[in-house]
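For reference, the structure discussed in these notes is given below.
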Amino acid sequence: MTSAVSVHSVSIHGLTVRHRRTTALDAVDLSFGTGVHGLLGPNGAGKTSLIRVLATVAPPTAGRVELLGGDISAPTHRTSVRRRLGYLPQEFGYYPGFTVREFVAYMAWLKEVPRAKAPAAVERAVARVGLADRIDAKVRTLSGGMVRRAGIAQAIVNDPELLLLDEPTAGLDPEQRVDFRALLRELGRTATVIVSTHLVEDVAAACSEVTVIGGGRVAYRGTPHALAALAAEAGAEDFGDNPIERGYAVALRHHRSGLGGSAGWGAGR
Amino acid sequence: MSPLNSNSPLNSNLLLYARSRALPMTIAVLVAAAPATAWCADWLLTRSDPGPRARLPVLVLAPVLVAAAIGVGLYSHGDELDRTAVRPWWPRRGWHLLLLTALAAGLLAVAVPGEPQAYGAAAMARNVLGAVGVTALGAALIGARLSWLPMLVHTSAVFLAGQAEPGGSGAVWAWSVQPGAQRAAWGTAVALFAAGTCLYALRGARPEGPGSRR
Amino acid sequence: MSTHRMSHAAGRMSRSADRAGHAAGRTGRAAEPLSPAGAPWQPGHAHSPRRAGPLLTELRRGAGLPAGAATLAVLLFAMFTKADEWLSDWTETTDMLRVAGLVLGAPLAAAVACWQGGRERRRRTEELLATVARPPLRQALLAAAPAVVWPVVGYLLTAVVCLAWTWQYAGGDGPHVSLIVADATGIGSLAALGFVVGRVVPWRLAPPVVALVMYNIELLLANQESGISWLSPGKEHISSWDRPVWWFGPVSMVWTAGLAAAALLAYAARRRARALALAPLAAAVTAAVLLAQTGDGLWRPDPASAALVCDEGTPRVCATRVHSRMLPDASRALAGLTAKLRGIPNAPARIVEAPVDSRASRTDAALTGWDMYFRRNRIAEPEMFAANAAIGVTEPYCPNVADADRYSDLNEAVADWLAPIPRPKNMPGDQTEPGYTRVLKRLKAMPDGERTRWLGGYFAATRSCHPERVTAP
């Protein structure tokens, strides 16, 4: 698949994020290249904190974050990154009185998509999430899953080089999730896609690489296949219904017990 | 909550209800509005030529403020959950509105003493009743968050009519700028209050927030 | 458009049939060719896409349009209820538009703008908006646009309607357009301030509080005794024969718009550019100082509008140019009075409208405040108008008259004979003064020739301020 990555569009060194007294991320080193990357981890592990730093919403407490070839602490480069960034927050807000077209076009304007290209880009993004037949419906009239898809449409309207999706499949029905994974794979061919999720099936089906985060540190990095294999070698038959879930549990258990530690497991491939 | 209250389940339930509707904030606004109103009314009387209508702006505007404070507190965080409650909601909603209105009307009437025939305590009490009525109607029909809007629009529309002769048909539609002795204005205000209280008590505030499609 | 929508609807219906195609694409990893029906989650047919510009979207959706409609309705209603007071006079129309627009319209617009400012918090889009390339100032300007533009449009429409209506009645030069533009700017600026408050203050009660604070500040400012009162953008100035100095409108625009621009820049500009907010603030302060220093001098008497327009009668009836359209009715209402004055020696040659309360010269009788007796250029109270004109005829301004009581009895009796004050019957009036009653009786009883002679002597004496020379009738 796309494992032969030479250029890292995202590289993080010693990233620390603190919210008041709790440490969300603790000196994390990570890098991501083109492809679909799954971000797994228990609630409160720091997934959303990581995504928010990558989305340039929250500044890091310490550490260096390089996105698309530059440090985002420089305002000019940050603006340039934002033009090439797609983001779907965990709590996705929208304007209910706008139509889908208007909302996505509004986001396209905010992302400085060139004026001439915007109308076509909007229709393309909306069609890619399967909302073309509802493009002129008010967002207010859409079901929860459709709103989520409108959120994905706004994230991809500028053909982002870096796409960050925080729990994108929440509210999608099984059929829509299948479609969504196909879209992810297609996007992952040219862009760096980072998906935070609780649903390991999504990771197994769509991701070329998995990062498990636990307690603010990287617990595991590898391919979904390797994660599944981990379950077999450690013998964790007591948890989960499929190999990936078991592998996930084993990775976390190792991480927590400090057996492997982030050095051993986080070394990647 | 103090330990004293938690001994009595009724009291603690009421306190929980009060906190769920942000009542402390509302009451704080009502209590703070009274001295501010009194100060403004006194200032208006110290102007060079205080006519009988000198206090009219305060009598019109202060009820809008207290009604807005009561109105934005009429929301419910979990409307769907509230509907599943075993006890009927209407007595609680009704008492909520009645008690707050009584408090607001009492406090503001004390702030502008005298002149029951013209622009004094009586007109203030009437305006609080009417304003709360319109605001409660607003909460039931367009949501608690925007419930202040109809009263603000009405006040803006009739404000200048206060300089005209009182009485006539104006006493009905421009009730808030009439002197205290106008019976028709009282009629309108009381009718609005009754309608607003009933509708809000029976239906509650219109649901709001993301995902609300009504 | 509709055909396109239908073709996609058809595509949606057949989505489960396309499932197999997707599965094939997944295993093959090839570039999926699109099915002709337009598979879901895939780009649709090529066609010319419709543009949905962000500004147009903001203006069409959300709080702006209803706010503008509400402003229009409120202002039209308020203006309508007071129509009789302003309809026949450009200055009064402009003035009433200013009071309505800024005292009533602007707080309402500011409340709605404050509500609009809280939209990102309410809709939870703040997180998303923090990741976009467009600078925060542009974002804020776009989001504020509907709440600023539509109330201003509402005000301007009200102004157009009211001015068109006034045009049918008023004489004189026309409206003070620069003031109307300044008012529109003031409404927009106050709305922008409300918007900034809404962005900054996370409180449900913020919008109505913003409105009430604006009402109060305007009332408080406008009621100051000093020049500071002119800082209230809704301050009225009632005199039909004044006009504003030419820079009043532009400078008050700088005052309100400067404040709004400073607030917007301080809120939304990037950190380094935030100091730029000082520039509009400085401009606003300069404008404020200019306004407050000039004070009442912002309005100057306008000789052209106070110039007299007269009819052809004897004595002549003259209105100021502002009220020239009242002249025909005025002549008619004063016909009885002028008929009685005709042929009397030394009687005033003109009955004139005086802009301010000043007794006119020896040859003119003066009467102020014509608009009190008129509704839309038609006389509403002809008897009262004639009676007050008669008082103007008989009371030239004479300070320190020797025998004041006798003088006033004489004047009242003559005025009552010329044009009696309309009184309900059986109403106890001041006719009981013996001197007054005697003179009036004598006047009524005199033969015409003798009365003309006596009145000639009366006018000669009183108009030269020597009432003691009037002989007893």
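The basis for the numbers below is simple: all heavy atoms, side chains too, and nothing from hydrogens, waters or symmetry mates.
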Subject >> Interatomic distance, C:R134 atom CZ to A:W109 atom CH2 [nearest 0.5 angstrom] >> reply: 5.0 Å

Original post:
How long is the gap from CG on A:D136 to CZ on C:R50, to the nearest 0.5 Å?
Top reply: 4.5 Å

Original post:
Is it the side chain or the backbone of C:R138 that comes within 4.5 Å of chain A heavy atoms, both, or neither?
Top reply: both

Original post:
For the residue pair A:A105 and C:A52, what are the closest heavy atoms and their distance?
Top reply: CB-O, 3.3 Å

**OP:** Considering non-hydrogen atoms only, spot the tightest contact between A:Y106 and C:P54 and give its length.
**Re:** CD1-CB, 4.0 Å

**OP:** Please determine if C:R124 forms a cation-pi arrangement with A:F92, meaning its NZ or CZ atom is less than 6.0 Å from the six-membered ring centre and no more than 45° off the ring axis.
**Re:** no

**OP:** Could you please state which residues from residues 125-133 of chain C sit under 4.5 angstrom from chain A, measuring non-hydrogen atom to non-hydrogen atom, sorted by number, or 'none'?
**Re:** C:T125, C:E127, C:L128, C:L129, C:A130, C:T131, C:V132, C:A133

Subject >> Residues A:V122, C:R51; criterion side chain to side chain contact (heavy atoms under 4.5 Å, CB included); working and verdict >> reply: CA-CA 9 Å; A:V122 168; C:R51 171 170 295 281; over 6 Å; no

Can you tell me which portion of [X] sits under 4.5 Å from chain C's heavy atoms? Options are side chain, backbone, both or neither.
{"X": "A:R52", "answer": "side chain"}
{"X": "A:Q90", "answer": "neither"}
{"X": "A:A121", "answer": "neither"}

Subject >> Evaluation steps, side chain to side chain contact (heavy atoms under 4.5 Å, CB included), between C:E58 and A:F98 >> reply: CA-CA 9 Å; C:E58 279 283 18; A:F98 286 23; 4.0 Å; yes

Would the number of heavy atoms belonging to other residues, nucleotides or ligands and lying under 6.0 Å from [atom1] of [X] be above 12?
{"X": "A:H198", "atom1": "NE2", "value": "yes"}
{"X": "A:R18", "atom1": "CZ", "value": "no"}
{"X": "A:R115", "atom1": "CZ", "value": "no"}

Original post:
How about A:Y95 and C:E120: does a side-chain donor come under 3.5 Å of a side-chain acceptor?
Top reply: yes

Original post:
If you tally heavy-atom pairs under 4.5 Å against chain C, which of A:L85, A:L110, A:V104 wins?
Top reply: A:L110

Subject >> Stepwise side chain to side chain contact (heavy atoms under 4.5 Å, CB included) check, A:T99 with C:R61 >> reply: CA-CA 9 Å; A:T99 65; C:R61 312 293 179 192; 3.7 Å; yes

